[in-house]
2 protein chains.
Amino acid sequence: MDREKKKIRSFEVAELAQISRSTVSRALAGDPRISEDTRERVLAAAAELGYQPNLIARGLKNQSTGIVGVVVTDLNNPYHAHALQLLIEKLGARRLAPLVFVGDTAEGAESAIERLMSYQVDAVIALAAPFSSQIVRACKAGRKPLVLMNRYDGDETVNVICGDSISAGAMVADHLVGQGARTFAYFAGEDSTTISLDRETGFVKRLNENGFALSARVSSRYSHAHALKVAPELLSSGAQAVFCANDTLAFALIDAVRQSPAAAVSPLIVGYDNSALASWPIYDLTSVDQNLEEMTSLTVETAHAIVIASDTPPKRHTIKPYLVERGSTRIQSA
Amino acid sequence: MDREKKKIRSFEVAELAQISRSTVSRALAGDPRISEDTRERVLAAAAELGYQPNLIARGLKNQSTGIVGVVVTDLNNPYHAHALQLLIEKLGARRLAPLVFVGDTAEGAESAIERLMSYQVDAVIALAAPFSSQIVRACKAGRKPLVLMNRYDGDETVNVICGDSISAGAMVADHLVGQGARTFAYFAGEDSTTISLDRETGFVKRLNENGFALSARVSSRYSHAHALKVAPELLSSGAQAVFCANDTLAFALIDAVRQSPAAAVSPLIVGYDNSALASWPIYDLTSVDQNLEEMTSLTVETAHAIVIASDTPPKRHTIKPYLVERGSTRIQSA
DNA sequence: CCCGGTTGTGCACACGTGTGAATAATGCAT
DNA sequence: ATGCATTATTCACACGTGTGCACAACCGGG
């Protein structure tokens with residue numbers, strides 16, 4: 001074996017191809033000024049040595065590293081984990097590399113951004129992150145383009161890719177009314193982000209248009225245990241249908257119904273995120289699918305456009321979600 | 001506002017502090033040759049300008065970027081997602097930055113490693129990745145130190161941090177015997193990795209030592225849907241206790257019992273990974289906890305040691321898992 | 001023969017940092 | 001005053017790459 005091949009720089013390739021280093025660089029970049037036969041010779045030499053360009057050096061010279069910072073909050077939430085996976089895959093397809101940080105607290109997010117700056121990332125993607133105001137401020141201070149996914153901020157100068165929560169709420173209202181429900185409740189999450197509120201307002205607005213109103217509203221932290229504790233309060237309202245801000249809340253609500261000593265008939269229940277668990281027969285939960293596939297595609301596409309041309313004007317996109325109907329909103333046979 | 005602060009290099013700091021650039025570098029690095037008052041002046045200037053060193057340039061010069069490549073397979077598996085989150089947090093605490101790639105296929109893993117090489121990562125962490133042989137080969141070719149987490153390979157030259165699957169299997173056997181079970185089955189996963197097999201051999205060995213044997217064995221892919229389909233075959237064996245290679249398989253088995261028309265008594269069931277869902281009342285599953293907290297700590301510690309001193313000899317560590325007992329292995333009152 | 005145009009290649013610099021070697025500054029004893 | 005030791009600072013180079021500009025080679029037409 002070639003025990004001592006230590007480092008293979010463009011210099012070694014040039015040496016083997018009997019040619020200057022600049023020509024190697026141009027040949028690999030596809031510069032038309034290089035003749036066809038020398039290009040072939042360079043490619044052969046590069047392949048033989050297994051040359052891989054040093055992207056750190058290239059990044060220093062080009063002032064563009066091809067690294068994209070990704071800030072995420074809680075990977076224990078399967079929805080975030082799935083989104084991150086899709087982002088990583090789609091970034092990779094465009095030859096971008098994701099530097100991932102967890103910012104689950106305000107100062108954590110801020111320090112994550114600072115470190116991303118030090119690594120000269122070409123752009124930052126913030127994934128459903130609270131503390132968006134800190135992130136926006138930090139990115140603006142460092143002149144780094146920012147793409148907010150599923151979070152939006154008043155600022156008009158940042159890119160935003162967002163689900164259409166208002167029409168999702170309306171869609172759910174229509175579905176529940178169509179299934180025959182007449183009294184409605186909303187199981188809210190703790191966060192006061194615009195996105196989360198939009199789901200509720202879209203829901204309530206469409207209910208009103210159909211001549212109905214919200215008869216109960218309970219909010220909980222986004223944990224199964226806590227949601228399970230407050231769910232009985234919601235059930236005591238006797239609403240025939242409940243829209244939950246989150247699949248986790250919906251699962252807890254279903255569990256609460258099952259634990260309830262009075263074997264009352266379950267309300268119709270709709271969740272949000274269409275996580276894997278929703279399709280399991282034990283829950284069989286009707287849920288709103290945010291179309292993460294398309295959302296992440298658009299996010300990466302936007303980030304890529306910025307990396308290519310840094311003067312790309314900020315875009316604001318909206319993704320249409322769709323409803324996946326399952327057993328939890330089917331009229332009970334009994 | 002300082003609209004045109006454009007770039008702040010160490011040069012600008014030197015200029016403000018009326019001093020040379022080298023002195024700035026040494027002052028920030030804590031070189032004892034720098035006098036105390038000039039150091040203070042440098043720190044003040046750096047703070048005033050908000051100077052953040054360019055880690056790309058530093059990486060080029062020092063031949064050490066502080067970037068660690070992380071290869072993961074499936075973030076939709078909550079166990080992997082949780083592990084990744086812990087890894088990211090602990091790497092950050094040691095001022096290392098994770099460049100994350102998904103290698104869910106053999107050639108995907110290989111290309112991920114190649115890209116990591118191009119970015120001159122200081123080390124590679126492979127997280128429960130199949131195709132470990134390709135990864136080991138690629139890292140060896142690029143002279144990159146590798147830490148395998150929860151996967152091990154015959155190769156003695158790579159670092160390995162692994163759960164003690166054999167003793168976990170024994171622990172489960174003891175627990176089930178103690179709960180009064182007399183006939184046993186194993187619900188296996190599809191993969192033929194040593195780790196997965198060790199769980200079974202540890203289990204069977206301890207059963208034998210106690211005078212029992214395995215009466216049934218069924219294997220399935222690691223998806224809820226597929227496991228649900230093959231579960232009845234396992235149930236038909238009539239075993240009083242089932243050890244599952246995975247929480248996912250255990251959940252599917254529980255679902256299968258519930259769907260079963262013959263309202264037979266459920267066997268005692270034990271899972272593996274202690275995922276969040278296991279603690280939900282609806283499953284209340286006894287499960288083996290691999291102690292991810294400690295496992296990720298040790299993984300990062302090992303990677304860090306390599307970054308500091310690249311001649312650190314390869315270590316092989318084993319983490320003791322523990323059993324979390326819940327309702328699924330409690331003797332039924334009925 | 002000379003000159004302008006075309007084509008292919010090489011020289012030298014820049015990106016921002018860390019660091020060995022050299023230099024200036026200072027104290028101290030001769 | 002001068003030589004020597006110690007200290008504080010600066011000079012210049014290296015890391016590996018891309019690229020503007022100069023330059024060589026060649027060719028054809030006047």
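Computed from a prediction, not measured in an experiment: that's the story for all the values here. Convention: sequence-line order gives letters A, B, ...; per-chain numbering from 1.
- By the salt bridge (Lys or Arg N to Asp or Glu O under 4.0 Å) test, B/K140 pairs with B/D155, sequence neighbours left out.
- For D/dT7, neither phosphate oxygen OP1 nor OP2 lies less than 4.0 angstrom from any side-chain nitrogen or oxygen of B/S35.
- Applying the salt bridge (Lys or Arg N to Asp or Glu O under 4.0 Å) criterion to B/E36, with sequence neighbours excluded, gives B/R39.
- Summary of helix geometry: the two end axes of the helix from C/dC1-D/dG30 to C/dT30-D/dA1, each defined by five base pairs via their C1' atoms, are inclined to each other by 80° (rounded to 10°).
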All N/O donor-acceptor pairs, side-chain side in residues 85-103 of chain B, below 3.5 Å, sequence neighbours left out:
residue: B/Q85; atom: OE1; partner: A/L75; partner atom: N; Å: 2.7
residue: B/Q85; atom: NE2; partner: B/E89; partner atom: OE2; Å: 3.3
residue: B/K90; atom: NZ; partner: B/E293; partner atom: OE2; Å: 2.7
residue: B/K90; atom: NZ; partner: B/S297; partner atom: OG; Å: 3.2

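- No donor-acceptor pair closer than 3.5 Å links the side chain of B/N62 to the backbone N or O of B/S64.
- For the pair A/I34 CD1 and D/dT19 P, the computed distance is 13 Å after rounding to whole Å.
- Atom-to-atom, CD1 of B/I19 to P of C/dA24 comes out at 18 Å; the value is rounded to the nearest Å.
- As judged by a 4.0 angstrom heavy-atom cut-off over every strand, A/I56 is placed among residues making no nucleic acid contact.
- Residues meeting the salt bridge (Lys or Arg N to Asp or Glu O under 4.0 Å) test with A/K320, sequence neighbours left out: A/D164.
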Under 3.5 Å, which donor-acceptor pairs link side chains of residues 8-17 of chain B to any protein atom two or more places apart or in another chain?
residue: B/R9; atom: NE; partner: B/E12; partner atom: OE1; Å: 3.3
residue: B/R9; atom: NH2; partner: B/E12; partner atom: OE2; Å: 2.9
residue: B/S10; atom: OG; partner: B/R21; partner atom: NE; Å: 3.3
residue: B/E12; atom: OE1; partner: B/R9; partner atom: N; Å: 2.9

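- Residues satisfying the side chain to side chain donor-acceptor pair (under 3.5 Å) test with A/H80, not counting sequence neighbours, are A/T73.
- Rounded to a whole Å, the CG atom of A/L28 is 12 Å from the P atom of D/dT19.
- Separating the CZ atom of B/R33 from the C1' atom of D/dT6 is a distance of 13 Å, rounded to the nearest angstrom.
- Remark: A/D104 pairs with no residue by the salt bridge (Lys or Arg N to Asp or Glu O under 4.0 Å) rule, at least two apart or across chains.
- A/D122 contributes a side-chain N or O that, together with a main-chain N or O of A/T65, makes up a donor-acceptor pair within less than 3.5 Å.
- For C/dG10, the OP1/OP2 oxygens have a side-chain nitrogen or oxygen of A/T23 closer than 4.0 Å.
- We find that CG of A/D31 is positioned 9 Å from C1' of D/dT19, with the value rounded to whole Å.
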* Asked: Quick one: what's the B/S/- string for nucleotides 11-17 of chain C, heavy-atom cutoff under 4.0 Å, read 5' to 3'?
  -> B--BBBB
